[in-house]
2 protein chains.
Amino acid sequence: MRELTVDLGERSYPIYIGEGLLREAASYFEKCGLSKRSPLLIVTDEHVGPRYLPALEATLRKAGYQTVGITLPSGEGSKSLAVFESVITKALEAGLDRHSAVVALGGGVVGDLAGYVAAAYMRGIRFVQIPTTILAHDSSVGGKVAVNHPLAKNIIGAFHQPEMVLYDLETLQTLPARQVSAGLAEVVKHGLIWDASFVDWIDGNAGKLRSLDPEALGYALHKGCSVKAAVVSQDERENDVRAILNLGHTIGHALEAVAGYGEMLHGEAISIGMVGAARIGVELGAPQEVYEVTKRVLAKCGLPVRLPSHFDTDAVMDAMMHDKKFKEGRMVYIVPTAIGQVEIDKNMSADRVRRMVEQLKEEAEV
Amino acid sequence: MRELTVDLGERSYPIYIGEGLLREAASYFEKCGLSKRSPLLIVTDEHVGPRYLPALEATLRKAGYQTVGITLPSGEGSKSLAVFESVITKALEAGLDRHSAVVALGGGVVGDLAGYVAAAYMRGIRFVQIPTTILAHDSSVGGKVAVNHPLAKNIIGAFHQPEMVLYDLETLQTLPARQVSAGLAEVVKHGLIWDASFVDWIDGNAGKLRSLDPEALGYALHKGCSVKAAVVSQDERENDVRAILNLGHTIGHALEAVAGYGEMLHGEAISIGMVGAARIGVELGAPQEVYEVTKRVLAKCGLPVRLPSHFDTDAVMDAMMHDKKFKEGRMVYIVPTAIGQVEIDKNMSADRVRRMVEQLKEEAEV
């Protein structure tokens with residue numbers, strides 16, 4: 001079992017990563033000081049729930065916890081205000097009080113939605129993250145929670161830190177290959193923004209990661225969470241440095257929106273976005289290897305590095321205009337300067353970005 | 001012009017109270033550092049909007065601010081998730097960004113709803129309170145914002161402090177007499193929990209307050225806001241002492257719910273609640289004058305001190321069970337110990353409260 005701490009003063013919390021942690025969930029809940037006299041609401045989805053919810057509830061109840069579960073439809077569609085309201089209704093009916101906690105058992109959608117319920121219910125109650133995807137190693141750390149509005153993703157939300165993150169590697173074993181690769185995109189990102197030696201390690205171990213080798217996976221997720229924790233500790237509410245976590249995301253979000261949410265996975269979209277950002281980085285003076293290594297490592301992880309040519313450049317640019325990082329005709333853009341290092345360009349020209357989108361369609365496959 | 005500060009470290013903010021402040025709104029917005037390059041969204045309702053919105057927008061625009069207004073139906077019904085979503089839609093369409101602010105121009109409903117929009121939009125943007133009722137001297141200070149769920153009031157919310165509170169006494173001159181009295185209930189409450197000499201002053205000046213004498217009103221609202229600010233500064237997130245602000249509210253909320261929201265005004269409900277709390281206080285050893293003075297001062301302010309006999313005691317008790325201050329069969333109850341002093345009883349018996357509800361129906365009019 002690996003453990004690390006997200007250091008946020010009185011809002012600090014632990015991340016536990018290891019095999020079989022779900023079976024020992026009750027002892028972690030106790031360690032965390034969660035009340036047995038107030039009900040816990042476990043939020044999950046149709047994919048994850050049937051597999052893990054009954055055992056988790058049984059374990060917790062055996063230890064004296066009161067639990068109520070709610071299973072939502074899988075997919076981004078559940079990050080809506082309507083589903084949010086239905087979970088609040090469930091919380092009220094179950095009698096959740098100020099000492100209760102909301103537990104997110106699932107991937108990023110479940111974590112974001114359940115976290116926003118915890119942030120809003122009675123103006124904020126406790127919250128536990130139990131991520132069951134690789135991608136969620138990113139979203140479960142850092143306290144950003146939200147739901148979508150039909151006009152914009154993640155526009156209704158809060159910063160609400162969990163009490164702990166409980167990461168059971170066994171839950172990852174049933175992930176489909178495409179989801180594994182998509183999840184690795186954020187792992188690679190954490191290397192690219194912070195730690196060249198970690199990028200080098202992924203370069204040599206991508207095969208093990210894709211085949212879900214527990215030792216390699218534990219190491220990589222611990223590393224990825226550590227980078228996320230270090231960045232968030234410096235800037236909890238994204239006033240400055242936290243923005244580097246958006247490497248590849250400005251284009252990535254636009255590609256997801258244009259493709260239709262769910263068509264292109266988040267990890268796939270930011271993979272293409274990171275290749276584009278690396279191209280811009282090299283144009284602006286970074287060594288050529290920034291582009292080459294970025295592209296090679298992402299491809300080794302099974303991720304796309306080329307924008308399918310049917311994407312309309314105008315549509316992608318329009319989608320970016322709606323992104324909340326856009327302001328007054330210029331963009332905030334995260335640009336690599338070396339492997340393991342990026343800078344925040346607050347004045348990126350839309351023209352340069354447009355040229356890059358065009359180039360991404362010409363990108364050679366690796 | 002009177003000024004005071006709510007002292008919350010880096011979230012501290014000023015409250016300005018005076019006549020004609022709306023006409024000078026632009027200079028207060030500038031002093032507050034609000035951006036002219038990002039649109040402001042002014043939220044108001046059908047009562048207040050037609051009277052003050054056009055002039056406010058004109059003043060702000062003349063000074064270079066970009067403004068967009070949204071006028072909601074008046075009344076508690078607007079504190080819903082559906083209306084919340086419609087305001088978020090307006091914010092997106094108007095292009096509000098991270099540097100924008102939401103401005104609440106109205107009473108408590110507008111302030112609570114607009115404040116929750118500001119708390120949630122992009123995970124939190126700036127927020128200005130321009131209260132236009134006496135009651136809102138209470139709700140506009142302290143950062144509690146929320147919307148209602150069909151099953152519970154204020155259950156979906158946040159703590160989100162404004163950048164400033166701009167209180168123009170001229171906007172109070174058109175309030176109907178019943179609203180004036182209802183607003184004074186929270187003024188009296190601030191005296192009862194904190195400041196015996198202020199209660200004494202109200203006792204002698206209730207007539208002036210009811211006739212909206214500007215000097216008396218300015219003094220009383222400054223005093224009321226000062227008490228609120230002092231309490232909130234000590235306990236922003238209601239972990240302990242802030243609970244004293246709930247004097248009269250446990251019963252008050254239940255009465256509002258049973259009467260049907262809007263039938264009995266909030267101030268009227270907590271007035272009856274404060275008489276009940278004073279009764280319990282005396283039963284538990286407080287001097288008899290606590291009950292007598294409480295009842296007399298509230299009556300002088302034109303407030304009800306007797307529970308209409310058609311209220312069903314069971315229904316009132318049931319409504320209290322749903323209140324979020326209720327836990328494990330016992331209640332948290334704010335009990336007066338002297339004029340200007342209360343204590344937090346975390347173990348109040350439901351039986352005693354039930355007897356008090358019955359007694360409130362027998363209360364003699366003053």
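Letters A, B, ... mirror the listed sequences (proteins, then strands); counts begin at 1. Side chains included, hydrogens not; waters and symmetry mates left out as well; all remaining heavy atoms used. None of the values given here were measured: they were computed from a predicted structure.
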- Roughly how far, to the nearest 0.5 Å, is the CD1 atom of Ile155(A) from the CG atom of Leu92(B)? 5.0 Å

- Message: Does any backbone or side-chain atom of Ala119(B) lie under 4.5 Å from a heavy atom of chain A? Answer side chain, backbone, both or neither.
- Response: backbone

- Note on the structure: Okay, Val145(A) and chain B: the region with an atom under 4.5 Å from a heavy atom over there is backbone

- Query: Hey, are the side chains of Glu85(B) and Pro150(A) touching, using non-hydrogen atoms and a 4.5 Å cut-off?
  - Reply: yes

- Message: In the structure I gave you, are the side-chain heavy atoms of Ile156(B) and Met122(A) within less than 4.5 Å of one another anywhere?
- Response: no

- Query: Can you tell me how far the CD1 atom of Ile88(A) sits from the CG atom of Leu81(B), to the nearest 0.5 Å?
  - Reply: 7.5 Å

- Using a 4.5 Å cut-off on heavy atoms from C-beta on, say whether the side chain of Arg98(A) contacts that of Glu238(B). yes

- Query: Where is the tightest heavy-atom contact between Arg123(B) and Ala158(A), given as atom of each residue plus distance?
  - Reply: CD-O, 3.3 Å

- Item | chain B contact via Ala91(A) - which portion, at a heavy-atom distance below 4.5 Å | neither

